[in-house]
Visitor: 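Below you will find the structure I want to go over with you.
In the text below, chain A, chain B and the rest are named by the order of the sequence lines, each starting its count at 1.
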2 protein chains.
Amino acid sequence: MSRRITIHDVAQAAGVSVATVSKAINGRDGVAPTTLEHVREIVARLGYESSLVATSMRRRRTDVIGVLVAEFEPFAVQLLQGVSSALQGTRFDVLAYAGSVSAGEHLGWERRSLSRLGGTLIDGAILVTPTTMPTDASVPLVAIDPSASTGSDGPATVSVHNAEGAFAVTEHLISLGHRRIAHLRGRTDLDSARQRERGYRRALERAGIPVDPALVVDGNYRTASTTAGAHALLDLAAPPTAVFAANDLSAIEMIRVARERGLRVPDELSVAGFDDVPEAAAHVPQLTTVRQPLAAMGAEAVRLLLAMLDGAPYEHVRMPAELIVRSSTAAPPR
Amino acid sequence: MSRRITIHDVAQAAGVSVATVSKAINGRDGVAPTTLEHVREIVARLGYESSLVATSMRRRRTDVIGVLVAEFEPFAVQLLQGVSSALQGTRFDVLAYAGSVSAGEHLGWERRSLSRLGGTLIDGAILVTPTTMPTDASVPLVAIDPSASTGSDGPATVSVHNAEGAFAVTEHLISLGHRRIAHLRGRTDLDSARQRERGYRRALERAGIPVDPALVVDGNYRTASTTAGAHALLDLAAPPTAVFAANDLSAIEMIRVARERGLRVPDELSVAGFDDVPEAAAHVPQLTTVRQPLAAMGAEAVRLLLAMLDGAPYEHVRMPAELIVRSSTAAPPR
DNA sequence: CTGAAAGCGCTAACAT
DNA sequence: ATGTTAGCGCTTTCAG
């Protein structure tokens, strides 16, 4: 663990000024071929690399795209992989920052991260957040899965078509012959969760099945709440034969509770989720769910952002959701 | 997309000097309570956040841990998740940097990233690399899965016990009754791959089964090479009844080739992998493999790094590998 | 063709 | 208690 090698060290070793070294490194002209060669040699020998921090303070561009997340959980990292691979071969590096790890203050990490990195370290940002929607940032910004799908305002956004996905999975349950289909809700403060409920309701209406309010319970994406909701559903005098949970984790918890109570899945109860997290395919039985094309969404965010860096206006993109039928859903008993 | 708000803007709006604002923000003393209150108010109103870049140039500590990867692929991001969750509740934020995305020069990205971020932006680094082992860096460093397991030299390291894992999976195949067990090798320039081959050989020896050189072919972790290796194995006069591939992706390719040639897996050919990537559990049939405890390894790297930041010496940690028996392995035919 | 000097946003001495 | 100054590592005018 030695001291960092700075441009000064190079200048000294080469017997020239730091300005000359800088020019040599960055290919600016006004440097004699001999000097250029000489400096390059010293740089190689010393293994010098300019500090991203110092460079970014002085220069306008850093050629680094920032991916801002609350923390590195499966959803965020899958998006990150999409962003990363879409950026392959461009001049940009990727820097991902988890801004609410330390604080624990999950409130407003978006603005905080954006302020701390924007304007200097990164040329543009991709913000992974289901809630807040910062209205102005100091760099071009694309939000993924933001709450505000409200028309043309705010920054560019990329999100999945939640309602369509929920519609498709509910329709799948109906086509299997289910009539008493419950919905284990997500966080009702999230636009995405509300859209999923909407898709569920629409599918039932479309099939002429009245929505039984008792069959719609809160899950809140939180274990305790989901557990309670699952029990509530099964405690019903006329329990559902199928449940559409607002996300996979809720679906898995629903299955756990059903089994605990002696129900076989999918024979006695069908359960479907949403998201297609890695656990969904690894679960036994494998989970029927709706896939968010996360890698594609990340790539799309990159496309939008690069366009914006070239001066293009922001857009709002909705990506199609895909129904994935696996083994946690089947025809209702008898 | 507006201009960044700087400490100057705050100072001006508050009618005080920049230094005073800095003190107020960082809780240094020597600021009148009234002034403090006033400045804080302006900061809140303007939504000011100090620039990470500028702060890090001046200060010694940034309270940010860097995770340096070549690119964000599944292996790296699982490690990243482990690091991130281990850092929850500490004062540190996580910054992950993919340093070889732009260049395409996968050579020496480790040193480059380390030089560019170290010393200023990050207080310590966790380097995810299977190959190079930078000998000195400007910040405390922990390498995950490095080639050099060579004793006490170089930086701290965390790696999985590759030989033990390979031994276990080979022994599993033997216990199923297999005698002609092939090995589809990984990149022979990687220490980890060589260790896996060693574990394979040792298990055979231990069981008194001579190693048939024809049953050890190169896969190289690259599709083309793996495909060729798979065919070579099945072209043998006496083909193997089981194959241990050096990683899951190779195993999956092995299965694809076997099927293409009309072989049923696992009935006519057992195949096992290594790594337990997400695809392994999702594959049909689910893959028997060896799990690297990636999340735990990330957490362990954090533990080492935090200790080093407190002045502890570096260590070398080997984590246990876990045999995961699934459905791609079975007793040999008849 | 080269170097001196200014300045990016911020913090830490050091005055006042 | 507050402000002035210097400087972190680098790039960029601007003189020489």
Visitor: Checking S84(B) against E71(A): is there a side-chain donor and acceptor pair closer than 3.5 Å?
Guide: no
Visitor: Under 4.0 angstrom, heavy atoms only, what part of the nucleic acid is S56(A) near: base, sugar-phosphate, or nothing?
Guide: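 No contact.
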Visitor: Looking at the side chain of S51(B), which of dT2(C), dG9(C), dG9(D) is the nearest nucleotide?
Guide: dG9(C)
Visitor: Can you measure E37(B) atom CD to dA1(D) atom P for me and round it to whole angstrom units?
Guide: 16 Å
Visitor: Between dT12(D), dT2(C), dA1(D), which nucleotide has the shortest distance from any of its atoms to the side chain of T20(A)?
Guide: dT2(C)
Visitor: How many Å lie between CD1 on I7(A) and P on dA4(C), as a whole number?
Guide: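 After rounding, the reported distance stands at 14 Å.
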Visitor: Send over the distance from M57(A) CE to dT11(C) C1', rounded to a whole Å.
Guide: 12 Å
Visitor: Taking for each residue the nucleotide of DNA chain C bearing the nearest heavy atom, is the 5' side occupied by T120(A) or by P33(A)?
Guide: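 By nearest-heavy-atom nucleotide position, the 5'-most residue is P33(A).
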Visitor: Between the two end axes of the helix from dC1(C)-dG16(D) to dT16(C)-dA1(D), each built from 5 base pairs, what angle do you get to the nearest 10°?
Guide: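 Computed from the C1' atoms at both ends, the axes differ by 50°.
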Visitor: Look at all strands and tell whether N26(B) reaches a base, only sugar-phosphate, or nothing, counting heavy atoms closer than 4.0 Å.
Guide: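 Sugar-phosphate: the residue N26(B), judged by heavy atoms under 4.0 Å, touches backbone atoms but no base.
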Visitor: Round to the nearest Å and state the distance from I25(A) atom CD1 to dG9(D) atom P.
Guide: 14 Å
Visitor: Start with the C-alpha gap between R303(A) and E300(A), add the side-chain angles, then the distance that decides, and say whether salt bridge (Lys or Arg N to Asp or Glu O under 4.0 Å) holds.
Guide: CA-CA 5 Å; R303(A) 197 186 61 73; E300(A) 185 62 19; 2.6 Å; yes
Visitor: Could you state the atom-to-atom distance from CG of D63(B) to P of dC10(C) in whole Å?
Guide: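 Taking CG of D63(B) and P of dC10(C), I get 17 Å after rounding.
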Visitor: Both S17(A) and R4(B) contact DNA chain C. Taking the nearest nucleotide for each, which residue is further toward the 5' end?
Guide: S17(A)
Visitor: OP1, OP2 of dC10(D) versus side-chain N and O of S22(A): anything below 4.0 Å?
Guide: no
Visitor: Hey, is the side chain of T55(A) poking within less than 4.0 Å of OP1 or OP2 on dG9(D), counting only N and O atoms?
Guide: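 Checking T55(A) against dG9(D): no side-chain N or O falls below 4.0 Å of OP1 or OP2.
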Visitor: What's the separation between atom CG in L309(A) and atom CZ in R61(A), rounded to the nearest 0.5 Å?
Guide: 9.5 Å
Visitor: Between A54(A) and V18(B), which has a closest nucleotide on DNA chain D that is more 5'?
Guide: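 Its nearest nucleotide being more 5', the pick is V18(B).
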Visitor: Give a yes/no answer on whether the side chain of Y48(A) brings an N or O atom under 4.0 Å of OP1 or OP2 in dC10(D).
Guide: yes
Visitor: Could you tell me whether the side chains of E73(B) and Q81(A) share a donor-acceptor contact shorter than 3.5 Å?
Guide: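 There is no such pair (donor and acceptor under 3.5 Å, judged by atom type) between the side chains of E73(B) and Q81(A).
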Visitor: Could you state the NE2-P distance from H8(A) to dA4(C), rounded to the nearest angstrom?
Guide: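 The distance from NE2 of H8(A) to P of dA4(C) comes to 10 Å, rounded to the nearest Å.
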Visitor: Between dC1(C), dA4(C), dA12(C), which one does the side chain of A19(A) approach most closely?
Guide: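 Among the listed nucleotides, the one closest to the side chain of A19(A) is dA4(C).
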Visitor: Quick one about D123(B) and T62(B) (side-chain donor to acceptor, distance below 3.5 Å, no hydrogens or angles considered), yes or no?
Guide: yes
Visitor: For V94(B), run the side-chain contact (heavy atoms from CB on, under 4.5 Å) check against I126(B), V64(B), L80(B) and tell me which one passes.
Guide: L80(B)
Visitor: Expressed in angstrom and rounded to an integer, what is the separation of L52(B) atom CG from dT11(C) atom P?
Guide: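 It works out to 11 Å between those atoms.
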Visitor: Provide, to the nearest angstrom, the distance between the CD atom belonging to E49(A) and the P atom belonging to dT11(D).
Guide: 12 Å
Visitor: Can you work out whether R59(B) or R28(A) has the more 5'-proximal nearest nucleotide on DNA chain D?
Guide: R59(B)
Visitor: Categorize V16(B) for me: base, sugar-phosphate, or nothing, with a 4.0 angstrom heavy-atom threshold over every strand shown.
Guide: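 Contact class for V16(B): sugar-phosphate only.
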Visitor: Quick check: do V142(A) and T157(A) have side-chain heavy atoms less than 4.5 Å from each other?
Guide: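 In short, these two side chains do not touch, never coming nearer than 4.5 Å.
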Visitor: Could you check which of dT12(D), dT11(D), dT2(D) has an atom nearest any side-chain atom of K23(B)?
Guide: dT2(D)
Visitor: Would you say D9(B) and Y48(B) are linked by a side-chain donor-acceptor pair, where the criterion is simply a distance under 3.5 Å?
Guide: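 D9(B) and Y48(B) do not have a side-chain donor-acceptor pair below 3.5 Å.
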